[in-house]
Protein chains: 2
Amino acid sequence: MTEERAKLEETREAFVTQWGVMGAQWGINRTMAQIHALLMTSADAMCTDSVMEALEISRGNAHTNLKDLVGWGLIKIVTKKGERKEFFEAEKDVWEIFRRVAKERKRREIDPALETLRNCKAATEGIDTREAKQFYEQMDQLEDFVTFASKISDRVASMKHGNAIKLAMKFFG
Amino acid sequence: MTEERAKLEETREAFVTQWGVMGAQWGINRTMAQIHALLMTSADAMCTDSVMEALEISRGNAHTNLKDLVGWGLIKIVTKKGERKEFFEAEKDVWEIFRRVAKERKRREIDPALETLRNCKAATEGIDTREAKQFYEQMDQLEDFVTFASKISDRVASMKHGNAIKLAMKFFG
DNA sequence: ATGAACTTTCAGTAAATACTGAAAACAGAT
DNA sequence: ATCTGTTTTCAGTATTTACTGAAAGTTCAT
């Protein structure tokens with residue numbers, strides 16, 4: 001029935017929109033998040049033109065965000081025999097998606113943050129005023145915490161599959 | 001020595017700047033993150049004017065972001081006897097900061113996301129095509145994962161103090 | 001009731017970010 | 001070497017987001 005087809009497309013569009021909103025709240029380009037949602041819910045790999053059409057965006061925009069997604073490891077390029085152009089396919093396993101995002105954010109954000117904190121500590125190490133001691137102490141606390149977060153992230157990135165969820169669920173849930 | 005005082009201020013400024021960059025990457029207004037960094041590393045509570053001066057921002061901007069930070073539970077308003085104006089003081093315990101952020105993001109983002117995913121499932125539940133089944137399956141996977149994240153967040157929010165870090169460190173580290 | 005000290009709002013503006021579309025570059029196929 | 005289908009780049013533009021500053025609102029002492 002064609003009504004069902006419409007219903008599915010409508011729901012999928014709602015999801016894509018919502019995923020875009022969420023992405024934006026987490027500091028991810030809205031369009032990139034939408035493309036990700038689109039591919040995650042696509043039964044087959046899509047080419048640039050299909051993405052452009054589905055989201056009504058320009059070639060440049062589609063191109064940039066597709067390549068960024070590849071950079072995040074969230075989608076990959078596939079080719080079809082006989083076809084010359086590139087198609088894109090999303091990783092669908094949710095745990096795997098989470099792992100890749102965690103890994104990438106660690107590399108891009110946690111590691112630099114640690115660097116800053118260590119520099120701040122080093123720069124104020126010897127100063128012997130109330131303010132400096134307090135500042136140093138705060139940097140130290142933050143460093144401990146971020147180091148902790150970093151370790152968690154590594155741990156997560158080394159766990160495989162949905163098994164990890166089930167295991168953790170038993171522990172936490 | 002006044003040279004030390006300068007060194008501390010310089011380092012603190014570097015930290016404030018960097019915290020702003022980080023915040024922006026995580027979808028938090030840069031200025032809000034900077035004010036947070038400023039207050040986190042302030043030995044004493046600061047008034048709106050001090051914040052304005054330190055970051056060279058307007059009254060309106062300072063006001064909005066200070067109130068947003070209060071809304072996130074990351075700073076609180078304090079009053080000094082004899083003084084009429086409001087002063088602001090940051091929560092300094094890093095674990096407590098993390099708890100509050102986790103709690104707030106859950107409320108603002110995870111809960112609505114769950115709602116969306118459930119709607120998407122409901123809307124496509126009965127449809128009997130390959131595409132619909134795949135879509136439903138993806139929404140289901142995501143829902144499981146987000147539910148899991150939600151539980152973790154609750155767990156975290158109910159743990160107290162830096163003890164939690166040490167405990168978890170033993171487990172993970 | 002008046003005014004001083006302070007907070008809040010918001011219309012207008014500035015800055016940052018994202019997007020378009022067309023041109024250039026590239027990669028086979030002939 | 002040229003043509004065709006495709007990807008990539010990027011200057012210019014649009015959109016979104018954040019900020020300013022002044023005016024209105026609030027609160028409290030006199």
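Keep in mind that what you see is a predicted model, and the values were worked out from it rather than measured. Below, read A as the first sequence line, B as the second, and so on, with proteins coming before strands; counting in each chain starts at 1.
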What's the CG-P distance between A/Leu55 and C/dT20, to the nearest Å? 10 Å
Residue-phosphate contact under 4.0 Å: B/Asn65 side-chain N/O, D/dC19 OP1/OP2: yes
Distance (rounded to the nearest 0.5 Å) between A/Trp26 CH2 and B/Glu109 CD: 5.5 Å
Do any side-chain nitrogens or oxygens of A/Arg59 fall under 4.0 Å of OP1 or OP2 in D/dC10? no
Could you tell me whether A/Asp68 contacts a base, only the sugar-phosphate backbone, or nothing, with contacts defined as non-hydrogen atoms closer than 4.0 Å? nothing
Could you pick out which residue, A/Asn61 or A/Glu83, lies toward the 5' side of DNA chain D when each is mapped onto its nearest nucleotide? A/Glu83
Grab the CD-P distance between B/Glu86 and D/dG25 for me, whole Å please. 19 Å
side-chain hydrogen bond (donor to acceptor under 3.5 Å, both in side chains) contacts in which one or both residues fall within residues 47-57 of chain B, not counting sequence neighbours: B/Asp49-B/Arg59
For D/dT8, take OP1 and OP2 only and decide whether either is under 4.0 Å from a side-chain N or O of A/Lys67. yes
Protein-nucleotide distance (B/Ile28, atom CD1; D/dT17, atom C1'), rounded to Å: 15 Å
Assign each of A/Ile57 and A/Arg84 the nucleotide of DNA chain C bearing its closest heavy atom; nearer the 5' end lies the nucleotide of A/Ile57
Is there a side-chain contact between B/His63 and the phosphate of C/dT7, meaning an N or O under 4.0 Å from OP1 or OP2? no
Value in whole Å for how far the P atom of C/dC19 lies from CE of A/Met32: 12 Å
I want to check one thing: is the phosphate of D/dA18, taken as OP1 and OP2, less than 4.0 Å away from some side-chain N or O of B/Thr31? no
Value in whole Å for how far the C1' atom of D/dT8 lies from CD1 of A/Ile77: 12 Å
Length of the line joining A/Asn29:CG and D/dT16:P, which is rounded to integer Å: 13 Å
Would you find a donor on one side and an acceptor on the other, under 3.5 Å apart, between the side chain of A/Thr17 and the backbone of A/Glu13? yes
Grab the CZ-P distance between A/Arg30 and C/dA16 for me, whole Å please. 19 Å
Using the side chain to side chain contact (heavy atoms under 4.5 Å, CB included) definition, which of the options B/Glu137, B/Gln138, B/Glu131, B/Met139 pairs with B/Phe135? B/Met139
Using a 4.0 Å heavy-atom cut-off, does A/Thr64 contact any base of the nucleic acid, only the sugar-phosphate backbone, or nothing at all? nothing
Could you check how far CE of B/Met52 sits from P of D/dC19, rounded to whole Å? 14 Å
Decide yes or no for A/Asp144 and A/Phe148: does some side-chain heavy atom of the first lie under 4.5 Å from some side-chain heavy atom of the second? no
